[in-house]
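Below is one structure, written out as structure tokens, with a few remarks after it.
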Amino acid sequence: MKSEKSVDRIIQVNSINIGKNIARLRKQMNIKQTDMVAKLQTSGVDISVYSYNRIEKGTQNPTVLFLYACCRILDCDMNMIFASLDQNEPSHN
């Protein structure tokens, strides 16, 4: 059983790159990483710039709270964050 202080984490899998999706959405809104971290912190997410950067790179897994806050800040839903990369990439036909 999980303790009260345990944190649920979402594991980034090979077919879905959560971090790249968040980075793409953040860049589309012209938000710098440091500004994104500040917005997350004011939303109650305890995160550093270093940890945020690792999430975008896919080397650290995000928490559920982090993902919900990103959706609010980036004005998107979870489907956009969990979309597979091939759905996000523009067609080169």
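For Thr34, the side-chain contact (heavy atoms from CB on, under 4.5 Å) partners two or more places apart in sequence, or in a different chain, are Lys32, Val49. Partners of Gln41 under the side-chain hydrogen bond (donor to acceptor under 3.5 Å, both in side chains) rule, at least two apart in sequence or in another chain, do not exist in this structure.
Shortest non-hydrogen contact noted between Gly44 and Leu65 is O-CD2, 3.7 Å. Among all heavy-atom pairs drawn from Ala69 and Val45, the shortest one is CB-CG2, 3.7 Å. In plain terms, the two heavy atoms of Leu40 and Ile47 that are nearest each other are CB-CG2, 4.1 Å. The heavy-atom pair separating Arg26 from Leu74 by the smallest distance is CA-CD2, 3.7 Å. Annotation for Ala83 and Asn21: closest pair O-ND2, 2.7 Å, computed over non-hydrogen atoms. Residue Cys70 comes nearest to Met36 through the heavy atom pair SG-CE, 3.7 Å, listed as atom of the first residue, atom of the second, then distance.
Asp77 places a side-chain N or O within donor-acceptor distance of the main-chain N or O of Met80, the cut-off being under 3.5 Å.
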Point to revise | CA sep, side-chain torsions, deciding dist, call: Phe82, Leu67, side chain to side chain contact (heavy atoms under 4.5 Å, CB included) | key: CA-CA 10 Å; Phe82 281 91; Leu67 294 173; 3.9 Å; yes
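Atom CG of Asp35 sits in a crowded spot, with more than 12 heavy atoms from other residues, nucleotides or ligands closer than 6.0 Å. Residue Asp75 places its CG atom among 12 or fewer non-hydrogen atoms of other residues, nucleotides or ligands, all under 6.0 Å distant.
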